[in-house]
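For reference, positions follow the sequence shown, starting with 1. Scope of the values below: all heavy atoms of this structure, side chains included, with no hydrogens, waters or symmetry mates.
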Amino acid sequence: SKMQKYLLYNTVEPEELPTLRELSTMEICKVWSGMSRHIYRQLLQKKAVEIGVGSFAVVPVHANVAEEKVLPVERPMFIVSKSLKMFYNLESDETKIPDETPIVHPDFEEIAASIHFRHEIVEHCVQETLLCFAGALRDNKEVEFLFR
């Protein structure tokens with residue numbers, strides 16, 4: 001399964017990341033900004049986007065706005081997949097994607113077209129970045145993933 005490859009028993013070796021080694025930092029950033037715009041558009045359409053290590057989704061939360069006042073709001077969140085959490089012993093709040101939310105996979109062709117890259121490059125770049133992410137989890141490294 002897609003998820004399986006991110007459950008790592010060994011450290012990620014450089015040869016497992018051929019695309020990332022070929023691309024410049026600028027190009028990798030370009031791929032991920034295309035990816036994040038794509039995810040954003042899906043979220044606006046009330047869809048969740050599954051990317052292998054988890055899903056981006058809009059979930060209902062309760063915001064405390066004033067004394068005794070709670071407002072139901074919707075918040076975009078990244079929800080780490082259950083098997084990844086168990087495998088790496090991660091702790092996080094139990095957040096569920098609402099049942100009525102359709103779950104989709106990224107459309108790499110569309111993302112590639114929007115940034116004028118070949119779609120294989122976009123797909124491999126994303127998968128290898130997630131492999132690095134899983135490798136950092138495996139080695140207990142701190143990871144910062146920033147999305148606008």
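In this structure, Arg21 and Glu15 have side chains that are in contact, with non-hydrogen atoms separated by less than 4.5 Å. Counting heavy atoms from C-beta on, the side chains of His124 and Glu22 never come closer than 4.5 Å. Using a 4.5 Å cut-off on side-chain heavy atoms (C-beta onward), Glu27 and Phe117 make contact. The side-chain heavy atoms of Lys46 and Glu74, taken from C-beta on, include a pair separated by under 4.5 Å.
With hydrogens and angles disregarded, a donor-acceptor distance shorter than 3.5 Å links the side chain of Glu50 to the backbone of Gly52.
Between Thr25 atom OG1 and Lys30 atom NZ the span is 14.5 Å, to the nearest 0.5 Å. The CD atom of Gln4 sits 10.5 Å away from atom CG of Leu84, with the distance rounded to the nearest 0.5 Å. Going from atom CG of Asn64 over to atom CG of Leu71 covers 10.0 Å, rounded to the nearest 0.5 Å. Rounded to the nearest 0.5 Å, atoms CG (Asn140) and OH (Tyr88) are 10.5 Å apart. Within the model, atoms CD of Glu109 and OG of Ser114 stand 12.0 Å from one another, a figure rounded to the nearest 0.5 Å. Expressed to the nearest 0.5 Å, how far OG of Ser55 lies from CD1 of Ile103 amounts to 5.5 Å.
Residues Val73 and Val70 do not share a hydrophobic cluster, clusters being chains of Ile/Leu/Val/Met/Phe/Trp/Tyr side chains in contact below 4.5 Å. Placement of Met86 and Leu130 in two distinct hydrophobic clusters is found when ILVMFWY residues are connected by side-chain heavy-atom separations under 4.5 Å, directly or transitively. Cluster annotation: Tyr6 and Leu90 are assigned to the same hydrophobic cluster (Ile/Leu/Val/Met/Phe/Trp/Tyr, side-chain heavy-atom contacts under 4.5 Å, transitive).
Summarising the geometry of Cys132 relative to Leu17, their closest heavy-atom pair is SG-CD1, 3.6 Å, with the distance given to 0.1 Å. Nearest heavy atoms, Ile121 versus Thr19: O-CG2, 3.9 Å. The nearest pair of heavy atoms linking Met35 to Ile51 is CE-CG2, 3.6 Å. Taking all atoms of both residues into account, the shortest heavy-atom contact from Val59 to Pro98 is CG1-CD, 3.9 Å. Counting all heavy atoms, side chain and backbone alike, Trp32 lies closest to Thr129 at NE1-OG1, 3.1 Å. Heavy atoms only, all atoms of each residue included: Ile28 and Cys125 are closest at CG2-SG, 4.1 Å.
The residue from Ile111, Leu131, Val31 that alone fulfils the side chain to side chain contact (heavy atoms under 4.5 Å, CB included) condition with Val126 is Val31. When each of Val80, Ile79, Val61 is checked for a side chain to side chain contact (heavy atoms under 4.5 Å, CB included) with Thr95, only Ile79 meets the rule.
With sequence neighbours left out, the salt bridge (Lys or Arg N to Asp or Glu O under 4.0 Å) criterion links Arg118 to Glu120.
Between Arg37 and Glu110, none of the side-chain N atoms (NZ, or NE/NH1/NH2) sits under 4.0 Å from a carboxylate O, so this pair counts as no salt bridge.
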Test side-chain contact (heavy atoms from CB on, under 4.5 Å) applied to Ser81 and Val53, step by step: CA-CA 6 Å; Ser81 88; Val53 292; 5.9 Å; no

Please step through side-chain contact (heavy atoms from CB on, under 4.5 Å) for the pair His38 and Phe108, ending with a clear verdict. CA-CA 9 Å; His38 176 74; Phe108 290 112; over 6 Å; no

One pair to check against side-chain contact (heavy atoms from CB on, under 4.5 Å): Met26 and Leu23. What are the steps and the verdict? CA-CA 8 Å; Met26 282 283 290; Leu23 297 174; over 6 Å; no

Please test Lys47 against Thr101 for side chain to side chain donor-acceptor pair (under 3.5 Å), starting from the C-alpha separation and ending with a verdict. CA-CA 6 Å; Lys47 293 176 186 165; Thr101 304; over 6 Å; no

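Applying the salt bridge (charged side-chain N to carboxylate O under 4.0 Å, His left out) test to residues at least two apart or on different chains, the pairs with a partner in residues 126-143 are Asp139-Lys141.
Between Tyr9 and Phe87, the distance from one ring center to the other falls under 6.0 angstrom.
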